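Some notes on the structure that comes next.
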Amino acid sequence: MQSIKQVLSGESLGQPVSIRGWIYRTRSSGGIVFAVIRDSSGIVQTTVKKGDVPDENFGPASNAGIESAVEVEGILAEDDRAPGGLEIRASSFKVVAPSEPFPITEYQSTELLLDKRHLWIRSREQTAVTKIKAAMLRGAREWFHENDYVEVTPPMITAVAPEDSTTLFQIKYFDRIAYLSQSAQFYLESLIYSCERVWALTPSFRAEKSRTPRHLAEYWHLEMEAAWVNNDDNMKVQEELVTAMLEHAAAGCRAELQLLKRDPASLRKISPPFDRMSYAEAMDSLQAGGCEVSWGSDLGAVEERALTKERETPLFVVNYPKELKPFYMKENPEDSRTYKNSDLLAPEGYGEIIGGSERETDNSLMVDRLKEIGESLENYQWYLDLRKYGSVPHSGFGLGLERMVTWVCRLEHIRDATPFPRTVARVYP
Ligand code: 4AD
Ligand code: MG
């Protein structure tokens, strides 16, 4: 048994090959069936001629609709009209399981494709996205391993709200209330005192009511935290990590990227250092471009798009005003209105893919900020403890994996960056 990718390499030209997979498209005319077969590695045309295959094969072969599971044996031959320029002339064509009429045909509404998501993920585009995402994750995992980061397993059930208490998913936890994690940051911060450099890949949950092309209610969050690292070094880690992830995607998923109309070379030319711009400079640039913003305005999708749409490489925006960011960030000693933090914006208009900062080490400042936003201190005592027993300068960040995939795969909507998107409108299938 060969993979279709192996078959398409052509090394078995003129020789017998055997494959198994699913019918991608099929038509028959007279005594011949042209069936394109798909497996996880690609598609190849097969021709099934009456008389060339056992008699009991031909009827099922000509009746089998798309998505029927099949096993094919035959001789690999050249054919200019076939995808990849090769076809298999079948000597055996077994229908392992016929498919009922497949509910997805060529032109379908977005809603139908979401209702039939468990079937739509078989599409070539979705398969390419899934593989590119896996390559990026492999790149990240290797980078962390090579740089002495320990992978850790924080909880997903928590009592704290690191980011925004208005977007917490509340759950009944025995006889009290708990929340689904928005970020593993506080747990990673706890682990740096033993492991120094840690990272985790976990689902994060945000009860985002707004329907936007860049928000999911559940997404995969790649987070790191490291002791003795300041905000500048934190940004260097981000540059290197992102570059390693892009490199893995470009090297391992050429064909998949091309299928999605992403030139792998455009990813390869991204390397450290990335451009940096302060929030204040971002305001100036936006104002010069006609955006109605002023100091204190948040950078939403529109503003981030304006800042990045002409760019081909990522951009750091640093030193946001405190009122726009969470309580745990380190005050900027050069301008106490701002934090030592950065957002990394993907180019081509895609916007924020990472949020990171140096962490505040002064408990009194954090207590004041928590009180200001009306948080009960009770749930944060353990977090504040971390600053009492050998506190050290440290930094970390969180990368939204589907945000990065949306950019790398040039997707219009973040829901296509994950097989089973969870949004305000959808929890099925
Ligand atoms: O900027 P955020 O909220 O930062 C944090 O959660 C920090 N505690 C991370 C840390 O320092 N350890 O989220 C981090 C990233 C964002 O840059 C974005 O890429 C992604 O998570 N993100 C989302 N992705 C998809 N859907 C959503 N609703 C997202 N919200 C944030
Ligand atoms: Mg953010």
Side-chain angles (χ1 to χ4, degrees), residues 133 136 140 149 152 154 156 158 160-169 179-192 197-226 229 231 234-235 237-238 241-242 245 279 298-301 303-304 308 314-318 320-321 324-330 339-346 350-360 383 394-408 411 413-418 421-424 426:
K133 192 179 197 181
M136 288 164 53
Y149 281 78
V152 297
M156 297 297 90
T158 177
V160 290
E163 295 307 310
D164 172 3
S165 55
T166 65
T167 62
L168 284 171
F169 276 107
Y179 308 110
L180 295 179
S181 169
Q182 292 182 316
S183 160
Q185 178 187 327
F186 294 173
Y187 299 100
L188 300 197
E189 280 189 70
S190 319
L191 284 155
I192 61 163
R197 300 169 173 206
V198 296
W199 75 282
L201 174 66
T202 62
S204 277
F205 302 89
R206 309 272 170 119
E208 305 272 3
K209 293 232 174 62
S210 50
R211 296 174 193 228
T212 81
R214 55 182 215 159
H215 287 95
L216 292 168
E218 177 187 38
Y219 69 96
W220 286 86
H221 206 168
L222 193 67
E223 292 179 278
M224 90 85 183
E225 197 71 32
V229 165
N231 197 49
N234 192 35
M235 287 156 66
V237 173
Q238 296 171 49
L241 177 72
V242 165
M245 293 170 76
Y279 170 87
D298 204 355
L299 299 186
E303 293 77 18
E304 290 181 358
T308 60
L315 169 71
F316 278 116
V317 178
V318 302
Y320 283 69
L324 296 179
K325 294 290 176 188
F327 73 95
Y328 54 71
M329 294 187 176
K330 174 98 179 154
Y339 282 138
K340 286 178 81 178
N341 81 308
S342 62
D343 274 3
L344 182 64
L345 311 187
Y350 284 96
E352 180 187 347
I353 55 170
I354 299 184
S357 72
E358 193 165 326
R359 313 310 191 186
E360 186 56 77
Y383 182 65
H394 64 286
S395 302
F397 62 82
L399 180 158
L401 186 61
E402 287 78 12
R403 289 271 184 97
M404 185 165 169
V405 169
T406 301
W407 157 46
V408 169
L411 305 176
H413 201 294
I414 194 169
R415 65 179 165 233
D416 286 326
T418 199
R422 297 290 176 244
T423 60
V424 64
R426 187 165 287 277

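Atoms within a ligand are numbered from 1 in the order they appear, just like the ligands themselves. Every heavy atom of this structure was used, including side-chain atoms; hydrogens, water molecules and symmetry mates were not. Keep in mind it's a predicted model, so treat the numbers as computed, not measured.
- With a 4.0 Å cut-off on non-hydrogen atoms, Y328 touches ligand 1 through its side chain and not its backbone.
- Between the side chain of E402 and the backbone N or O of T418, no donor-acceptor pair lies under 3.5 Å.
- Ligand 1 has a nitrogen or oxygen under 3.5 angstrom from a nitrogen or oxygen of I353.
- By the 6.0 Å and 45° rule, K325 stacks over the aromatic ring of Y320.
- Of all the listed residues (E208, E189, Q182, R206), R206 holds the heavy atom that lies closest to atom 13 (O) of ligand 1.
- Nearest protein neighbour of atom 16 (C) of ligand 1, counting heavy atoms only, is E352 OE2, 3.1 Å.
- Considering M224, M404, R359, E402 only, the shortest heavy-atom separation from atom 11 (O) of ligand 1 involves R359.
- Not a single heavy atom of E218 sits under 4.0 Å from any atom of ligand 1.
- For the pair D343 and ligand 1, no heavy-atom separation below 4.0 Å is found.
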Quiz prompt | Intermediate values then yes/no, salt bridge (Lys or Arg N to Asp or Glu O under 4.0 Å), R359 and E225 | solution = CA-CA 10 Å; R359 313 310 191 186; E225 197 71 32; 2.8 Å; yes

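- Taking any N or O of L216, backbone or side chain, at least one lies under 3.5 Å from an N or O belonging to ligand 1.
- Here E352 reaches the Mg ion (ligand 2): one of its N/O/S atoms is less than 2.8 Å from the metal.
- Taking only non-hydrogen atoms, the option from E163, E223, M329, E225 nearest to atom 5 (C) of ligand 1 is E163.
- Contact of the S342 side chain with the Q238 side chain is registered, since non-hydrogen atoms from C-beta on lie closer than 4.5 Å.
- In terms of polar-atom proximity, P162 is not counted as a contact of ligand 1, lacking any N or O under 3.5 Å from an N or O of the ligand.
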